[in-house]
Structures are given as structure tokens and as C-alpha cells.
Amino acid sequence: MSETKALESMIGEEYKYGFTTDVEYEDFPKGINEDVVRLISEKKNEPEWMTEFRLKAYRAWTEMEEPSWFNATYEKPKFDTLQFYSAPKNKPKLNSLDEVDPNIRETYEKLGIPLDEQKMLAGVAVDAVFDSVSIFTTFKEKLAEAGVIFCSISEAVQDYPELVKKYMGSVVPVRDNFYAALNSAVFSDGSFCYVPKDTICPMELSTYFRINNMNSGQFERTLIIAEENSHVSYLEGCTAPMFDEHQLHAAVVELVALDNAEIKYSTIQNWYSGDEEGRGGIYNFVTKRGACRGKNSKISWTQLETGSAVTLKYPSVILQGDNSVGEFFSVAVTNKRQQADTGTKMIHIGKNTKSTIISKGISAGRSDNSYRGQVKISKKADNARNYSQCDSMLIGQTCGAHTFPYIESANPTGKIEHEATTSRVGEDQIFYLQQRGISEDDAISLIVNGFCKEVLKELPMEFAVEANKLLGIKLEGSVG
Amino acid sequence: MLELKNLHAEVEGEGIEILKGVNLKVNKGEIHAIMGPNGSGKSTLAKVIAGHPEYEVTGGDIIYKGESILEMDPDERAHAGVFLAFQYPVEVPGVTNTTLLRESYNTIAASRGREELDPLEFDDYIREKLDLVEMNPDFLERSVNTGFSGGEKKRNEIFQMAVLQPTLSLLDETDSGLDIDALRIVSEGINKLHGEEDAVVLITHYQRLLNYIVPDYVHVMLGGRIVKSGGKELAFELEEKGYDWLESLAKVNGEAK
Ligand SMILES: Nc1ncnc2c1ncn2[C@@H]1O[C@H](COP(=O)(O)OP(=O)(O)O)[C@@H](O)[C@H]1O
Ligand SMILES: [Mg+2]
């Protein structure tokens with residue numbers, strides 16, 4: 001399998017991941033209450049403290065209101081008929097690949113993510129999450145040799161309870177926001193990664209999320225901890241079948257970087273985005289946050305958001321350690337009736353902290369694309385610096401682009417720079433390229449790729465070429 | 001090579017007629033100059049031949065290599081060898097000259113059943129072409145036309161022409177914006193590129209370009225028509241008398257049609 005193949009498969013042409021897999025699911029009640037929360041915890045055989053964590057979150061959630069401050073309108077999820085947990089039936093504790101349900105195995109094959117290590121991308125370890133549960137994690141042994149733990153969060157709760165207890169909820173507290181509270185109550189699975197002191201993770205880590213069940217929500221939880229002087233690069237990819245109904249995806253991702261540690265987190269989000277009329281598609285409401293706890297630590301978010309009917313997502317960095325660095329590189333593409341309200345928060349607390357925000361929003365069709373970002377420099381953050389650049393590109397006349405920057409500075413030594421541009425892909429630009437022999441679709445793809453260049457170059461190399469392709473495919477036929 | 005037959009065109013959807021019956025015949029190996037005052041329709045003519053969607057052909061025909069190309073998309077016309085050096089080249093931020101040219105070259109090559117060049121071969125190939133217009137190699141890695149001066153944009157157009165080797169080159173006011181040295185260099189480049197198998201149509205309203213590139217025919221465009229054609233002497237006559245003396249001619253011709 002070539003190195004770029006995996007991503008190619010995450011991307012697909014005219015949504016080729018819209019298929020469903022026939023699997024038998026465990027029975028599970030619909031709706032949510034304390035019993036449901038307890039039942040999830042029980043199913044997962046969790047220790048008392050974990051159950052308590054969930055219940056506390058659930059109680060907090062019941063007191064919270066669904067937010068509505070963003071620039072998107074949609075029908076609210078119906079929590080009383082939603083299924084909060086969905087696990088394929090044949091799922092004993094999997095020790096070998098042979099035990100994975102053949103249908104599910106085939107699903108990942110079809111997606112271009114074979115779980116067989118021999119066929120895998122060299123240098124990339126995968127955790128496959130199907131609906132609510134982690135199906136299989138590859139290259140565990142190889143990573144263990146380096147001391148790196150990479151497993152499902154469920155396993156981590158069982159095998160590394162001290163680490164989970166210490167860090168889960170420490171970056172995104174259970175009452176942080178409506179969807180984070182909900183996730184904390186019902187999260188089913190996700191990935192866990194721990195990189196010990198003085199360790200450079202020997203391979204690219206990735207999680208491949210697949211929603212299959214039409215009626216279930218997906219609530220996954222990811223926790224990555226990088227100890228002093230360690231380094232890890234992680235990539236997540238997402239696809240889902242095409243249904244006429246909306247599915248809810250409400251994840252929480254927490255990153256912790258200690259002294260001199262570096263975490264690079266990349267996302268290629270290609271959930272089903274709904275049809276021309278706005279039917280179906282995923283609600284992508286996720287809370288992603290990293291804490292640069294140690295001095296000289298660095299957290300970098302790179303995202304390529306192309307799917308979902310509605311995206312509300314603000315990967316953020318809390319810059320606690322002195323000299324720590326936060327980065328956010330984003331390309332958000334919306335087409336048809338998609339709505340995206342995405343951006344970041346950079347919270348400067350330590351001295352000499354530095355953050356960079358590069359956001360590229362591309363809107364086509366009848367979509368709406370908003371950048372929303374907050375830069376906050378607290379009192380003690382001497383010499384903090386931020387540079388933000390938010391560029392919007394419009395294709396056609398019926399889409400919208402908006403920028404909402406919020407800047408707060410409580411320290412006079414802080415330096416904040418913000419630049420924003422809006423441009424339109426013009427007929428003249430396309431004609432110029434067509435006159436040079438390039439087809440209309442390729443011309444758009446070239447213009448858009450040029451526009452996103454600074455962000456795309458931040459993606460792990462193996463995936464960059466295919467990311468270009470994804471952009472082209474998403475915007476095919478969007479002019480004329 | 002190219003034959004325009006009573007070509008009429010208007011701005012798409014607005015009903016403003018700009019080309020009001022253009023007739024022109026260009027054979028291979030020839031250089032034609034089209035002159036005329038501002039607003040006479042020269043750029044529109046070039047864009048219509050290249051297939052710009054902003055204009056609709058409402059009458060007449062464009063015959064290229066023996067066939068009507070009216071139904072062809074702009075990229076297909078480019079594959080067939082039509083090249084337009086723009087009066088106002090467009091900026092494409094983030095896309096380097098090399099990226100654009102390699103994509104163009106390979107797409108055109110593929111459409112003609114020729115071998116594509118790999119990045120290394122392509123690099124050798126374009127460096128050779130750079131010399132032809134004496135362009136600094138730094139321009140290869142710069143975004144297409146982005147932040148280029150007027151003259152640099154024009155030189156870049158001719159550089160692209162050198163790389164793509166078209167059979168029909170429409171050069172729209174390539175001379176404007178070039179200083180005298182650049183004009184000489186670019187003109188020499190065009191002369192070297194031109195041969196027995198291709199044709200060049202120069203659009204200009206100054207005679208000075210024609211000191212460097214000697215046309216076989218000169219046409220004068222006025223009010224969306226070619227009102228007079230002649231040999232290269234016509235250019236001198238225009239330089240001397242201006243366009244005014246042709247105005248009446250335009251009217252007479254217009255009423256006659
Ligand atoms: N898209 C357009 N919409 C309206 N008028 C146009 C358009 N394009 C060209 N024109 C008009 O057509 C005439 C010819 O323009 P042009 O071909 O650019 O002239 P030239 O190149 O000879 O100076 C001008 O009056 C110009 O304003
Ligand atoms: Mg003109």
C-alpha cells in the first residue's frame with residue numbers, strides 16, 4: 001500500500017464512503033438518564049471513580065442549556081430518542097485481528113485502512129473506532145518497545161487508571177460546555193496515548209473514526225499526554241455513511257504537553273455533509289483543547305475540515321508554561337448547504353508565550369463559513385505574542401463568509417497582530433488557467449490549493465498530496 | 001490556420017454588442033498586427049477567440065485549423081494550440097509559476113498524445129526557455145503574477161508562450177508596460193519562437209513594437225470591425241495620421257452591412 005493511499009481512501013470521490021456495514025448491534029435503550037449513564041459504565045466494566053466522573057458530568061449537563069451563540073441554524077438533536085451507546089455485538093476483548101468481526105474488518109479495508117499490520121502504512125499506527133467502540137489498535141507492540149502507550153481509552157481506564165484519573169477532565173472540565181458535559185457522561189471510546197519522558201514517538205499515530213449506526217451518536221474521547229522532552233504526531237480521520245437523518249458527533253479531545261514536549265495534532269474531517277438540500281449529514285460538535293503545561297512546550301493543531309452538515313469546533317491551546325507555543329492551522333471548506341463555525345482560542349498565561357493562527361475558509365454553493373477566534377493575554381503573560389491571519393475565499397454568489405475575532409489583553413507588553421482578507425474566485429482567474437489548458441475543475445482546485453498552501457504544508461507529509469485532492473473533489477462543479 | 005467569418009459577439013446576458021462582424025484570415029507562418037484605438041474591441045476579439053465565457057458569439061464563426069471551435073471550452077482551445085498573452089495577466093496567489101506551467105504543459109502534452117515530463121526534465125526544459133526572454137529564475141518559484149510589475153507580467157506571458165509552444169499566439173498589448181530594453185528582449189524572443197508552422201497575431205496601438213516584430217499584415221479595428229487592412233506600411237500611416245481619418249470609413253462600412 002502506498003503511503004498516500006490511506007488518505008486517498010479517507011477522502012474519496014463524490015463521497016464514496018456513504019455505504020453502511022451490516023453488523024448486529026447490542027441492545028441498548030434510547031434516550032438518556034442516570035441509569036443509562038450507569039449502564040454504559042457497567043458495560044465497560046469501569047471502576048467506581050469513572051462511573052462517578054460520568055454521573056457528575058451528567059448532572060452538570062442536565063443543568064446546562066444547548067448553546068446558540070454561533071453562526072449556524074439547525075434542528076436540535078432529539079436527546080430522548082438518540083441512542084447514546086452503540087457497540088457491535090461480537091466484540092469480546094480483542095487480542096488478535098482474527099477476532100474482529102469480518103464485516104467490520106472489511107469496512108476498514110474498503111476505507112483503505114486495512115487493520116492487518118503487514119498491509120498497513122509503514123510508520124503509521126492506527127486505532128480504529130467504529131461507532132462507539134475501538135475495534136483494533138495496530139503496532140501496539142512496536143510502540144511499547146519505545147515505551148509509548150497507544151490504546152483505546154476504554155483499555156486505558158482498565159490498564160492505566162492513574163494516568164487517566166490524573167489527566168481526564170483536567171484540560172476540558174466536565175462542565176466546560178453543553179456538549180463536553182454530555183460527552184463526559186456518555187463517552188464510549190476513543191484513543192489514548194502516553195509518550196514517556198525523553199521519547200520521540202517512533203511512528204505517526206492515527207485514529208480512524210467511522211460512524212455506522214444511523215440512530216446512535218458518536219461520543220469519543222481522546223487523551224494524549226506528552227511527558228517532558230517528548231514528541232508525538234497524531235492524525236485523525238473521519239467518515240460516515242449517507243443517511244437522510246442527521247447524526248451527532250460530540251467528541252472531546254484533551255492534550256497535555258509537559259516541559260519541552262511537543263504535540264502535533266492533525267485532523268482530516270470528511271464526515272458525510274448532507275445533500276444539496278441540506279438533508280442528512282453529521283453534526284460535528286467537538287471540544288478540542290490542549291494545555292501547554294510545561295515550559296517550552298508546544299501544541300500545534302492542523303485541521304482540514306471538509307465534511308459535516310454543521311461544524312462547531314474551536315481547537316484551543318492554554319499556554320501555561322513560560323515560552324510555550326500554540327499553533328492553529330485550519331482549512332475549512334463548505335459547499336452545498338454546509339455550515340461551519342470554527343476557529344480557535346489561544347489563552348496566554350505564561351511569560352513569553354507565542355501563538356500563531358492561520359485560518360483559511362473557503363465557501364461555495366449555498367454554504368456558510370465563519371471563523372471565530374479568541375486571543376486572550378492574561379495579566380502575568382509578559383511579552384506574549386500572537387499573530388492571526390484569517391483569509392476567506394468565496395466561490396459563487398450564494399455563499400457566505402464571516403470573521404469574528406475576539407481579542408482581550410490584560411498585559412501591556414503583549415503584542416497581537418491580526419490580518420484578514422476576503423477574496424472571490426473570479427471568472428477571470430479561472431479563464432486565465434483554462435487558457436493555459438487546465439480544466440475548470442482543476443483550475444478551481446489549483447486556486448484553492450494556492451490559497452491554502454500555508455496550512456496544507458503543516459499536514460504530515462504522507463497526507464499532503466491527498467489533502468490537495470480532497471479539496472479539489474469537494475469543490476468540483478461549484479462554479480457555473 | 002485561423003479564419004473569422006463575420007464574427008459578432010456581445011457581453012453575455014447584457015446584450016451589448018462589441019464585435020460587429022469581424023472578418024480575418026491568418027495563414028500559418030504569418031504575423032498579423034491588429035491596431036486600433038482604445039475600446040475598439042481588440043481585447044474582446046482575442047478573448048472571444050480563446051473562448052472567454054463572458055462573451056457570447058451571436059453570429060458568424062471562428063474556424064481554426066479547418067474546424068469551427070465555437071463549441072470548444074477554453075481549455076480545449078488551448079490544447080489545440082491557441083495561446084493568449086493577456087493584456088492584464090491575472091494573479092494566482094500561492095500557485096508558483098512552475099506549478100502552473102508544469103500542469104499546463106503536461107495537460108496539453110497529454111491531450112496531444114505527447115510524453116509528459118517529470119519534474120526534473122521539466123525543470124531543465126523551462127530553464128532553457130527562461131533564457132529566451134532573459135527572465136530571472138527566481139520567478140519560477142514565485143506565485144503566478146502575484147506582485148509582479150506590469151512589465152514582469154508581460155514578460156512572464158511570453159515566457160509561458162515559449163514553454164507551451166502554441167500554434168496560434170494572440171499577443172494582447174504585450175508591449176505596454178515594457179521598457180525599451182525589455183521590449184527588445186521580449187520581441188527577439190517572439191521572433192525566435194515564430195516559425196513556418198505557427199501564426200502570431202499582435203494586438204497593439206503603438207507602431208514601436210512593429211519595429212522589432214515585422215508583421216506581414218496590418219489591420220485596423222474600429223467600433224468592433226476591421227475597417228482597413230494592408231501591409232506593414234499601414235502602421236506608419238496610422239502613426240502619422242492617427243485613427244481619425246478612418247472614422248468615416250468605419251461609418252460607411254457599418255452602414256453598408
Ligand atoms: N464585460 C464587458 N461588459 C461591458 N462592456 C465591455 C465588456 N468587455 C468589453 N466591453 C466594452 O467593449 C469595448 C471594447 O473593449 P476592448 O475589447 O477591451 O477594447 P480594446 O482592447 O480595443 O481597448 C469597450 O467599450 C469596453 O468597455
Ligand atoms: Mg485591450
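Side chains are part of it too, since the values below use all heavy atoms of this structure and drop only hydrogens, waters and symmetry mates. In this text the structure is predicted, and so the values were computed from the model without any measurement.
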inquiry  = Looking at B:D131 and B:R127, is any side-chain nitrogen of the basic one under 4.0 Å from a carboxylate oxygen of the acidic one?
reply    = no
key: Under 4.5 Å from a heavy atom of chain A, the part of B:F83 involved   = both
query = Less than 4.5 Å apart, any side-chain heavy atom of A:V331 and any of A:E458?
reply = no
ask   = Just checking, A:R436 and A:Y432: is the charged tip under 6.0 Å from the six-membered ring centre and within 45° of the axis?
value = yes
Engaged part of B:V82 at the chain A interface, taking heavy atoms whose separation is under 4.5 Å = both
Option in A:L433, A:D442, A:I438, A:L446 with maximal non-hydrogen atom pairs under 4.5 Å from chain B = A:I438
remark   = If one checks every heavy atom of B:I108 against chain A at 4.5 Å, the contacting part turns out to be side chain
message = A quick test of your reading: do over 12 heavy atoms of other residues, nucleotides or ligands sit less than 6.0 Å from NZ of A:K354?
response = no
key: Contact origin within B:Q160 toward chain A - heavy atom pairs under 4.5 Å   = side chain
note = In terms of heavy-atom pairs under 4.5 Å with chain A, the winner among B:H79, B:H52, B:K47 is B:H52
ask   = Relative to chain A, which segment of B:P89 carries a heavy atom at a distance below 4.5 Å: side chain, backbone, both, or neither?
value = both
ask   = If you count the non-hydrogen atoms of other residues, nucleotides and ligands that lie under 6.0 Å from OH in B:Y88, is the total more than 12?
value = no
query = Is there a donor-acceptor pair under 3.5 Å between the side chain of B:D73 and the backbone N or O of B:D75?
reply = no
query = Which region of B:L100, side chain (C-beta onward) or backbone (N, CA, C, O), has a non-hydrogen atom less than 4.5 Å from a non-hydrogen atom of chain A, or is it both or neither?
reply = both
request  = Decide if the gap between the ring center of B:Y105 and the ring center of B:Y125 is smaller than 6.0 angstrom.
outcome  = yes
message = Atom NZ of residue position B:K5 - does it have more than 12 heavy atoms of other residues, nucleotides or ligands inside 6.0 Å?
response = no
ask   = Which residue out of B:V92, B:T107, B:V95, B:L84 racks up the most heavy-atom pairs below 4.5 Å with chain A?
value = B:L84
key: Contacting region of A:F451 [heavy-atom separation from chain B under 4.5 Å]   = backbone
B:S111, part contacting chain A, at a heavy-atom distance under 4.5 Å = neither
